[in-house]
Every structure is written in structure tokens, then in C-alpha cells.
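Here is the structure we will look at, set down as C-alpha cells.
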Amino acid sequence: MTTPLMQVSGLGMTYPARRRGAGIKAVDGLDFEVRAGETLGLVGESGCGKSTTGRMLVRLLDPTAGQVRFQGQDISTLSQRELRPLRAKLQIIFQDPFASLNPRQTVQQIISAPLRAQGLPKEQQVKEVRELIQLVGLAPEHLERYPHQFSGGQAQRIGIARALATRPALVVADEPVSALDVSIQAQIVGLLERLQRELGVAYVFIAHDLAVVKHISHRVAVMYLGRIVEIGDKEQVYANPAHPYTKALLSAVPLPDPAAERQRERIVLLGDPPSPANPPSGCTFHPRCPKAREICRSEPPLLRLGSGSGERQVACHFPED
Amino acid sequence: MTLLEVRDLAVEFNTPDGVVKAVKGVDFSVDRGQVLGLVGESGSGKSVTSLAVMGLHRGAKVTGSVKFDGTELIGAAPEAVRKLRGRRMAMVFQDALTSLHPYFTVGDQIAEAHREHFGSSRKTAWARAVEVLGDVGIPEPARRAGEYPHQFSGGMRQRAMIALALACEPDLVIADEPTTALDVTVQAQVLDLLVKLKDDRGLGIIMITHDLGVIARIADEVLVMYGGSAVEQAGADTLFTAPRHPYTRGLLDSLPRLDSAGEELHAIPGSPPSLLAPPPGCAFHPRCAVYATTPHQGCTAQRPPLVAVATAHRSACSHPEVTG
């Protein structure tokens with residue numbers, strides 16, 4: 001077996017408590033890998049730690065526990081200076097394209113910034129940027145404009161061009177289409193897929209929209225309250241969810257099909273996701289879980305291989321078959 | 001029984017850059033016990049339409065007719081509309097945290113609406129507030145009524161907003177993206193609640209959303225808007241199984257699906273039109289797949305009207321390949 005592109009082990013993030021106390025565990029002991037050229041979807045509801053995780057993978061946040069090995073090297077403890085050459089290979093796309101583009105820079109300046117940081121000569125920067133802008137479906141005449149002159153979908157294309165400028169091996173995409181209109185979402189999803197085919201880049205695709213994640217991912221990890229509760233091949237996780245939370249989550253998404261909606265069996269979870277500041281004991285999902293038993297209240301379940309074929313892992317004492 | 005009848009509703013705003021025609025002549029009606037889904041992308045005019053129905057546009061030019069239970073609201077005295085608003089027709093907004101007042105308890109805000117419209121005593125109004133909070137599924141309503149909005153979770157706040165809308169037992173509720181800010185498991189709870197209110201109380205609901213899944217889950221009748229106009233209207237089943245307008249078809253084809261294997265997404269090219277300088281003729285023609293393959297003169301000549309294409313099914317497309 002070849003070494004994965006990125007190997008994450010025991011990754012954790014504890015934000016300090018405001019006054020006294022143990023602090024807030026936003027992310028708690030994640031283990032997973034990202035393989036070259038694949039898309040790993042990271043799904044979960046607000047507060048589950050998926051964005052915090054994404055930021056730690058590219059070291060925009062320093063993890064408080066665990067390791068992130070990228071191309072064999074542990075990047076979780078490198079200094080900013082040591083990180084710089086690696087940044088070319090490790091990029092991020094944000095949710096709000098306007099908030100992540102400098103309003104006072106032209107598109108040319110924005111896209112060439114990572115090339116400049118890598119010390120590429122000026123003429124080569126210009127040449128690269130012209131190629132990049134066309135790669136993402138815009139035209140060279142757009143290069144002299146400013147971000148406010150673009151629509152949301154176009155601005156996201158600029159963010160993507162910037163992320164791909166240094167030909168990264170891995171791009172973390174944090175809710176890259178959730179601020180966009182439905183008809184534009186499909187354009188951006190299609191663009192990301194095409195770029196993966198052409199450039200072989202791997203994505204960690206973070207989103208709360210389960211249908212988008214299903215479409216774009218090869219493998220999917222489902223997070224709940226800072227932990228991965230299920231991870232595996234997309235087909236397996238979506239067709240036969242093993243964790244009760246995954247099952248409930250999938251059944252809660254309304255389908256664009258009124259006839260199917262009427263017949264559907266829905267698992268309605270009670271209450272809201274709990275606060276990570278005060279997580280429930282044992283399995284953190286137990287207060288909302290329809291299958292919870294005594295052991296679930298006391299013992300946190302570990303992520304382990306589920307029954308059946310494939311390499312799906314699930315963190316549940318009583319997984320579905 | 002028709003509760004709300006909207007005819008030829010148009011809304012214009014004067015801006016420094018020119019006149020924005022946000023809504024250009026929309027017709028629809030809502031019956032008791034019916035959910036009308038208003039679906040469209042940003043700038044389609046769906047929210048502007050709902051605010052115009054509620055008489056909440058200041059400084060805009062609103063024309064046409066909005067009849068609520070037989071009473072004309074366009075051109076009516078603001079005081080008369082104000083007496084209806086919050087009493088017989090109420091609104092639920094997307095962001096409950098900005099729509100609830102942070103300085104007053106949730107119970108006080110609901111009680112105030114009741115006192116205002118019914119002149120009830122503090123005690124009666126408070127009891128009513130506790131009652132509706134219980135109705136929408138807030139646990140321990142008597143205690144929670146005394147709490148402030150920030151003490152509620154997102155899902156609870158949205159329930160409180162719905163309770164506020166229901167306090168005066170309205171006949172019509174306009175819900176503008178009421179579940180968009182919520183997590184999907186909580187969204188399912190809120191949608192179930194709305195369906196229950198419709199069934200139990202015969203509430204008429206206008207559900208404004210961009211989410212076609214939410215529409216399929218809750219709407220009986222659907223109006224699809226694009227660039228300020230209604231482009232298609234049909235019963236929910238018909239709209240999803242036999243859409244006629246190229247925009248509706250495009251929208252459904254561009255949707256990633258949970259209920260089918262990963263086929264390729266067919267994006268609609270381009271972006272929604274500018275309302276300041278809309279394209280001539282049909283606002284959708286620059287992005288239309290049918291027009292792109294066989295351009296038709298009618299598409300650029302004039303805005304196609306919404307006409308019947310089948311029983312209870314109307315579409316606004318004049319392209320011969322679509323009209324058949």
C-alpha cells in the first residue's frame with residue numbers, strides 16, 4: 001500500500017475556556033487519511049468541528065493535539081517559516097468568495113499572490129495567471145477588474161484560481177458552494193470536478209449539504225460534536241448508513257420529489273445538537289439517539305471497522321448491519 | 001376557499017442607478033389549509049413579493065391588487081393594513097436572532113402582540129404567550145417564556161418566531177426562508193410543525209425558499225419566479241414530474257440528488273439577470289438551453305405571459321419547441 005497524501009492521527013483542538021474550566025473541545029481525536037487525487041467529503045451540522053478541522057489541515061489553526069502528516073512530513077509542529085514551501089502544495093478555498101478576496105486588489109494581483117510568495121519571476125507570474133483565469137472559465141480581460149465587479153459564482157472561480165495557482169496536491173474547500181444560488185452551485189461543482197480530472201488535485205470538501213457532498217466525494221466522513229462517527233466509501237455510507245446519526249441525517253434531508261417525500265420514513269431526532277462546551281457523557285449522540293442503551297451513556301464508542309465488506313469505520317456500540 | 005388573491009402585483013424601487021423593477025406583475029392565490037411555495041434564486045423577487053403583500057415596503061411603488069379575505073390592501077389606509085398585520089396575517093423571517101428583540105423576554109414579545117391586537121390584560125396575554133410556545137413544541141414553556149432570545153438555541157428561536165406569528169391566531173402566515181439557517185435535523189422538526197399547523201388549523205402558508213427539497217416536502221402549489229416574474233405555476237407533483245418552463249427544468253437538472261446515483265450535473269450557464277438592466281424579452285433567454293440551440297425571435301421581442309399549458313398548470317415561455 002502506498003502512503004496516503006495526508007495522514008491525520010489523534011487530531012484535536014481545544015479552545016481555552018473563557019473563565020475557568022477545561023476548555024471547549026471543538027475537535028476531539030480525529031484519525032483519517034486523504035489519498036492522492038480523491039475527494040474526501042466532511043459533513044456535519046453547525047458546531048460539529050468540520051471547519052476547525054479544515055483549518056488545522058492547512059495550519060491556519062494550530063492543533064492542540066495529534067498530528068497531520070502531509071506527504072510523509074508532520075506539519076502540525078512546523079514553524080511558519082518551515083511551512084512556507086509546503087503552502088504551495090496545500091491550499092484552501094473559503095465559503096464567502098467576497099470576504100476572502102482583497103477588495104483593493106485586481107484579480108491579477110489576487111491570483112498571482114501565491115506565485116509571488118513562491119518567488120516566481122514576474123513574467124512567468126503573468127503568463128501563469130492568464131492560463132489560470134481561463135482554466136476556471138473566466139477571460140483574460142477580467143484580470144484588471146476588482147472583486148466587486150463580479151457575481152458570487154465568478155468571485156468563487158477567482159478564489160479557486162488562486163488556490164490552484166501553485167498546483168497544490170491538496171485543496172481544502174470549506175463550504176465552497178453554500179453561499180451560491182442553486183444554478184450556480186452546479187457550475188462550481190462541475191468546475192471543481194473537471195479541475196480534479198485535469199490536475200489530479202485531492203480535495204477535502206467540507207459542507208453541510210449532503211446531496212452536494214454525495215455528488216462530489218469518493219469517500220465521506222460524518223462528524224458529530226468534534227468526532228468522526230462514520231467514515232467510508234460514499235456508496236456504502238449513503239446507501240447503508242451504519243451510524244444512527246448518519247441514518248437520521250440522511251432521512252432529514254427533504255428530497256425534491258413530492259411523491260417520495262410523502263412515503264418516506266423519517267427519523268426525526270429530538271432536540272438540537274448539544275453544545276461542545278458541555279458534551280454529554282459516553283457516546284455524545286446518546287441523548288438524541290433512538291437506539292441508546294445503558295452502555296451508550298457511559299462508554300464512548302471507538303471508531304472501528306464495521307461489519308460487511310469495504311473499509312467503512314463506525315463509532316457506535318450498536319451499528320446498523 | 002380563497003384567502004389571499006394577488007393580481008398583477010408590481011413593485012418598483014427608485015435607486016441612484018435607476019428604477020429597479022423587482023416584481024413585474026405577479027398573480028397567485030392562497031387558500032385556507034394550503035401551502036403555496038414561492039421558489040426562486042436571489043433577485044428573483046420572491047421576498048419582495050411577500051413584503052409587498054404584507055404592506056411592508058416603504059418608499060417603493062407598489063401597484064396591482066392584493067385582496068385578503070375580500071379586502072383590498074393596495075392603496076388601503078396604512079392603519080387598516082397595520083391592524084391586519086400580525087393579527088390575521090403574520091410573517092416568519094429567516095433570521096430569528098435579528099427579528100426578535102434582544103432586550104425583551106420571548107414571552108414579553110409574544111404577549112405584546114396579543115395585547116396590541118386584542119387589548120387583552122397583561123395576565124391574559126402572558127398566558128397566551130406560554131400557550132403558543134407550548135403549541136410549537138418548546139419544552140417547559142412557562143419557564144422559557146421568561147428567557148431572552150440569546151438563551152434559546154437556533155431551532156428554539158425559530159419556533160419562538162413561529163409562536164410569535166401564531167399568537168393572534170392568524171389565517172395566513174408568510175414564512176421567508178424559515179429553515180435556511182437551521183441544521184437539517186432541526187429543519188425537519190420545523191417543517192413538520194408547519195405541516196401540522198396547516199392541517200390542524202387550516203392555516204394558509206406562503207413558503208418562500210430556494211430549496212426545492214423543502215418545496216417538495218411542504219408545498220401544495222408552487223410558483224417559480226425568475227427575474228421578477230412568475231415563470232411557472234403548478235401543483236407540486238406536476239411541477240416536479242412534468243416541469244414545462246426551461247428554467248424550472250434547468251433548476252431541477254442542476255440539483256445534486258440524494259435519491260439517485262451521481263449523474264453529471266447540468267448547470268445553467270451564466271448568472272441571474274440584473275434588475276437594473278434586464279435582458280429584452282424573456283429574462284431567461286440568455287441562459288436558456290432551448291434558446292441556445294434554436295434561437296427564436298419571440299424570446300427577445302417581449303416578455304412571455306404566464307399562460308395555461310394544462311389544467312391548473314401555467315408556464316411563461318413562448319418558444320415554439322416548448323409550447324409544442
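Atom OH in A/Tyr238 sits 12.5 Å away from atom CG in B/Asp259 (nearest 0.5 Å). With values rounded to the nearest 0.5 angstrom, B/Ile215 atom CD1 is found 12.0 Å from A/Glu261 atom CD.
When the candidates B/Ala219, B/Pro256, B/Ala236 are compared by the number of heavy-atom contacts under 4.5 Å with chain A, B/Pro256 comes out ahead. Per-residue counts of heavy-atom pairs under 4.5 Å with chain A were compared for B/Gly155, B/Ser42, B/Pro139; the largest is that of B/Ser42. Across A/Val182, A/Leu269, A/Leu255, A/Asp257, the residue that shares the most heavy-atom pairs under 4.5 angstrom with chain B is A/Leu255. The most heavy-atom pairs under 4.5 Å with chain A, out of B/Asp211, B/Leu258, B/Ile218, B/Leu191, come from B/Leu258. Considering only heavy-atom pairs separated by less than 4.5 Å from chain B, the leading option among A/Ile184, A/Ile216, A/Val268, A/Ile267 is A/Ile184. Of the listed residues (B/Gly270, B/Pro272, B/Gly137), the greatest number of heavy-atom pairs within a distance under 4.5 Å of chain A belongs to B/Gly270.
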Take B/Ser271 and A/Gln154 through the test side-chain hydrogen bond (donor to acceptor under 3.5 Å, both in side chains) and record every step on the way to the result. CA-CA 9 Å; B/Ser271 19; A/Gln154 290 173 321; 5.4 Å; no

Is there a salt bridge (charged side-chain N to carboxylate O under 4.0 Å, His left out) between A/Arg262 and B/Asp237 once you walk through the steps? CA-CA 11 Å; A/Arg262 279 191 293 271; B/Asp237 288 62; 2.6 Å; yes

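Crowding of B/Lys21 atom NZ: a count of heavy atoms from other residues, nucleotides or ligands under 6.0 Å not exceeding 12.
Among the residues in residues 248-255 of chain B, those with a non-hydrogen atom closer than 4.5 angstrom to a non-hydrogen atom of chain A are B/Leu251, B/Ser254, B/Leu255. Contacts between residues 284-291 of chain A and chain B, counted as heavy-atom pairs separated by less than 4.5 Å, involve A/Arg288.
A/Val189 touches chain B through its side chain: at least one heavy atom from C-beta onward sits under 4.5 Å away, while N, CA, C and O do not. Contacts of A/Arg264 with chain B are absent, with no heavy-atom separation under 4.5 Å from either backbone or side chain. Both the backbone and the side chain of A/Ser46 have a heavy atom closer than 4.5 Å to some heavy atom of chain B. Looking at A/Val212, the atoms closer than 4.5 Å to chain B (heavy atoms on both sides) sit in the backbone and in the side chain alike. Of the two parts of B/Leu212, the backbone and the side chain both hold a non-hydrogen atom closer than 4.5 Å to a non-hydrogen atom of chain A.
The shortest distance between side-chain heavy atoms of A/His215 and B/Leu265 falls below 4.5 Å.
Judged by distance alone, the side chain of B/Asp183 and the main-chain N or O of A/Glu45 form no donor-acceptor pair under 3.5 Å.
Shortest non-hydrogen contact noted between B/Phe240 and A/Pro256 is CD2-O, 3.2 Å.
In summary, the side chains of B/Glu41 and A/Ser183 do present a donor paired with an acceptor at a separation below 3.5 Å, with no hydrogens or angles considered.
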